[in-house]
Amino acid sequence: MDFNALAERLLPGEYPALETFEKRYPQRDLPAKAEVTRLAPSPTGFIHLGNLFVAIANERIAHQSGGRLFLRIEDTDLKRKVDGAVEAVISALDYFDIRFDEGAQIGGDETYGPWYQRQRADIYRAYAKELIRRGRAYPCFCTEEELSAMRDVQTANKETTGYYGKYAKCRTLSEGEICAALDAGKPYVIRLRSAGDASRKFVFHDEIKGDVNVSENDQDVVILKSDGIPTYHFAHAVDDHLMRTTLVIRGEEWLASLPVHLELFSALGFRPPKYGHNCSLMKMDGASKRKLSKRKDPELSLSFYRQEGYHPFAVKVYMLTLLNSDFEEWHAKFPDKPLEEFPFRIGKMSKSGALFDLDKLNDISRTELSRLSEGEMLAFLRGWTLDYGGERERAYFADEAYLREVLALCMGTAGKKRRKDFVTAKQALEEIGYFFSDYRQRDAYRVDPQTRNAVISAFLATYSHENDAQVWFSKVKEVAASLGFAAEMRDYKANPDAYRGSVSDVAEVLRIAVTGRANSPDLWSIMHILGEERTRARLQAALA
RNA sequence: GGCCCCGUGGUCAAGAGGUUAAGACACCACCCUUUCACGGUGGUAUCAUGGGUUCGAUUCCCGUCGGGGUCACCA
């Protein structure tokens, strides 16, 4: 077989000599320990919490080591392409502070581009042509039907499925057969002629998983699809070599194809990067865990968190606590230090899949939000409102001084004790709704209507808006006492049977009447922010 | 099903051949309290299982079970 002639027939024309690529994409000039990492999404426009997870790890490792992080777009499958997807990816990641040094739409150093794989078609073909010349790749004319029939046979025989060994029938086609098929205009793909033996095993060191047992690849994988575009595997080997990637952190689902990648690197004469296969984020589905899925878990797309109004910092803190178990302690110890100062270590990443825990995220969100000043909170809420808020939320910003006052009270920024009532922007705006015209009773009264009316009327009878907090509260106590409730918590606790309840129960009635909820900041302050008129109106309305 | 990965409380997890097996979330109780919170203290709860190795195993080895991943001209 004349491989040179075959290569010429399959990929006619002049392709640059491979050395020119080595020159065009030189070894990077970086410090010794610097790592070059990347994110290589396909342009579906969908970004997942899992993507963020991996993105943060890649970003940290690159920047912490003085290396580079780049963005490459894996657009080799046109079926997946969605317009504006790249912008969406960048914007979503940017929201969480992931900044690329170079890559698609980044505008940094362009040396290692182009960053869209479709624009690199000639590069892949040049390497594919070389592989054909060396007899390491060959054309395959098998149709989809043939392949699937073959798979059925293999399954029935309980054999490994795929294109390998005796099943790789195009591997042994004669020159004449190939030419005939080509002359007939049959579509074909280019496959790797694997030199591996699946019965041979070896140990591979994974940066996250540690030593992993793998078998050699023996599959004649497709490297160039019938449209001349490379498969992921081939593009990965070529690109990550030429872009001088030193470390690939990617999802665990790639571990199975690692042998393919390793053989590709070796066939191409490239040194493979280091790999870290990171476990996927799991979700509880009924009684069992499962990987987060785009289809089934739209609520776990990155845009969900933005829409809900989670603070990006909080999400990042949560991701980091899952990524490196000692981060949480570090962050608790140095809450004011920038996250970048945390010594992130790939070796600390967990080998087992973490279950996504919304309770934990919410707790972190609460804590992080409670650390903001009311000015920062105002800005955060405004940002969210501009993007996702409705008319109601927008109206809250009409009187900024008033809003500030509300936030200061709700966050406890004035006093020494911060409150932790806010979890997300959306929820916070809902939470403060009662300071605006839309009163809604959210929580139910725990006392019967008669008692409720009695409490409210009694309070109304003595209510004087000018009273300071002290006087105001002593009046609440009087109301309590007059209706058979303990005025002092202590008394109630000492002898609960002697009372119908305590001041707490009385205050709760008033609280619900005024705010619509059983939880709120200091009631007296609320009444004073609302003003006498609205306060009386709400109490009055609650009587009805 | 084959192959690979994983297996400490409900969740995230630290940990070491001998420990009272950390911590965080959630939950419960109590304390503080001028109501709501914040906070504080305490509590319930874990080494999947069987067999080895060992004076001793949750830790090392093997099997079992369980969970996950992967077996495309998708990435």
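Letters A, B, ... mirror the listed sequences (proteins, then strands); counts begin at 1.
- A cation-pi arrangement is found for A/Arg191 relative to A/Tyr163, the charged atom lying closer than 6.0 Å to the ring centre and inside a 45° cone about the ring normal.
- Using P as the reference atom, B/rU8 and B/rU20 are 23 Å apart when rounded to the nearest Å.
- A cation-pi arrangement is present between A/Arg452 and A/Tyr445 under the rule of less than 6.0 angstrom and at most 45 degrees off the ring axis.
- Between B/rU70, B/rA75, B/rC73, one nucleotide has an atom nearer to the side chain of A/Ala256 than all others, and that is B/rU70.
- By the 4.0 Å N-to-carboxylate-O rule, A/Arg371 lies too far from A/Glu376 to be salt-bridged with it.
- Residue contacts for A/Asp326: at a heavy-atom cut-off of 4.0 Å it reaches no nucleic acid atom on any strand shown.
- Taking the C1' atoms as reference points, B/rG15 lies 37 Å from B/rC71, given to the whole Å.
- Going from the C1' atom of B/rA13 to that of B/rA22 covers 10 Å, rounded to whole Å.
- Closest contact between the side chain of A/Leu355 and the listed nucleotides B/rC73, B/rC12, B/rC5 involves B/rC12.
- Between A/Glu368 and A/Lys316 there is no salt bridge, since none of the side-chain N atoms of the basic residue sits less than 4.0 Å from a carboxylate O of the acidic one.
- Look at A/Lys225 and you'll find a side-chain N or O under 4.0 angstrom from OP1 or OP2 of B/rC74.
- Of the C1' atoms belonging to B/rU64 and B/rG7, the separation is 13 Å, rounded to the nearest Å.
- We find that CD1 of A/Ile208 is positioned 15 Å from P of B/rC5, with the value rounded to whole Å.
- When both pairing distances are held under 3.5 Å, B/rU19 makes no Watson-Crick or G-U pair with any nucleotide shown.
- Base pairing of B/rG1 is made with B/rC71, judged by Watson-Crick or G-U wobble geometry with both donor-acceptor distances under 3.5 Å.
- Inspection of the A/Asn217 and A/Tyr164 side chains reveals no N or O donor paired with an N or O acceptor under 3.5 Å.
- Residue contacts for A/Cys142: at a heavy-atom cut-off of 4.0 Å it reaches a base atom on one of the strands shown.
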For this session: List the protein contact pattern of nucleotides 28-40 of chain B with one symbol per nucleotide (5' to 3'): B for base contact, S for sugar-phosphate-only contact, - for none; contact means a heavy-atom distance under 4.0 Å.
Result: ---S-BBBBSBS-

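- In a base pair of the Watson-Crick type (N1 to N3 plus N6-O4 or O6-N4) or a G-U wobble (N1-O2 and O6-N3), with each distance short of 3.5 Å, B/rG42 is matched with B/rC28.
- When only modelled atom types and interatomic distance are considered, A/Asp77 and A/Tyr232 share no side-chain donor-acceptor pair under 3.5 Å.
- For the C1' atoms, the distance from B/rA16 to B/rA21 is 9 Å, rounded to whole Å.
- Of the nucleotides present, B/rG63 is the one that pairs with B/rU49 by Watson-Crick or G-U wobble criteria, both distances under 3.5 Å.
- For A/Asn213 and B/rC3, the shortest distance from a side-chain N or O to OP1 or OP2 is not below 4.0 Å.
- Residue A/Lys209 contributes atom NZ, which lies 5 Å from atom C1' of B/rC5 at whole-angstrom precision.
- Put simply, OH on A/Tyr275 is 17 Å from P on B/rC5, counting in whole angstrom units.
- Counting any heavy atom pair closer than 4.0 Å across all strands shown, A/Arg151 reaches sugar-phosphate atoms only and no base atom.
- Atom-to-atom, NZ of A/Lys348 to P of B/rA14 comes out at 6 Å; the value is rounded to the nearest Å.
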Exercise. Which is it for A/Met150 and A/Lys169 under the side-chain contact (heavy atoms from CB on, under 4.5 Å) test, yes or no, and what are the steps along the way?
Worked result: CA-CA 11 Å; A/Met150 185 180 85; A/Lys169 53 184 204 194; over 6 Å; no

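- Counting non-hydrogen atoms under 4.0 angstrom, A/Thr155 reaches nothing in the nucleic acid.
- Distance check on atom P: B/rA26 versus B/rU19 gives 32 Å, rounded to whole Å.
- Contacts of A/Thr76 with the nucleic acid, taken as non-hydrogen atoms under 4.0 Å apart, involve only primed sugar atoms and P, OP1 or OP2.
- B/rA24 atom P lies 21 Å from atom CZ of A/Phe356, rounded to whole Å.
- When heavy atoms are screened at a 4.0 angstrom cut-off, A/Arg191 is found touching the sugar-phosphate backbone but no base atom.
- B/rC5 takes the anti form, because its glycosidic angle lies more than 90° either side of 0.
- Separating the NZ atom of A/Lys351 from the P atom of B/rU8 is a distance of 13 Å, rounded to the nearest angstrom.
- Base pairing of B/rG9 is not made with any nucleotide, judged by Watson-Crick or G-U wobble geometry with both donor-acceptor distances under 3.5 Å.
- Here B/rC4 is the nucleotide among B/rG69, B/rC73, B/rC4 with the atom lying nearest to any side-chain atom of A/Leu255.
- On the P atoms, B/rG50 is 13 Å away from B/rA57, given to the nearest whole Å.
- For the residue pair A/Thr413 / A/Glu374, a side-chain donor-acceptor distance below 3.5 Å is found, with atom types taken as modelled.
- For the P atom pair drawn from B/rG17 and B/rU11, the interatomic distance equals 27 Å after rounding to whole Å.
- Out of B/rA26, B/rG23, B/rC3, the shortest distance to the side chain of A/Lys201 is found at B/rC3.
- Between the side chains of A/Gln117 and A/Glu74, at least one donor N or O lies within less than 3.5 Å of an accepting N or O.
- Minimum atom distance to the side chain of A/Ser325 is reached by B/rA14, of the listed B/rC5, B/rU11, B/rA14.
- A salt bridge is absent between A/Arg345 and A/Asp326; no separation between the charged side-chain nitrogens and carboxylate oxygens falls under 4.0 Å.
- Across all strands, A/Glu329 comes closer than 4.0 Å to no nucleic acid atom at all (heavy-atom distances).
- As rounded to whole Å, 11 Å separates atom C1' of B/rA75 from atom CZ of A/Arg72.
- Residue contacts for A/Val506: at a heavy-atom cut-off of 4.0 Å it reaches no nucleic acid atom on any strand shown.
- Across the interface with RNA chain B, nearest-nucleotide mapping of A/Glu252 and A/Leu322 shows A/Glu252 to be the residue nearer the 5′ end.
- Side chain A/Ser226 to base B/rC73: a donor-acceptor pair is found below 3.5 Å.
- Residues A/Lys360 and A/Glu328 are paired through a salt bridge, judged by an N-O separation under 4.0 Å between the basic side chain and the carboxylate.
- Straight-line distance from the CG atom of A/Leu224 to the P atom of B/rC74: 11 Å, rounded to whole Å.
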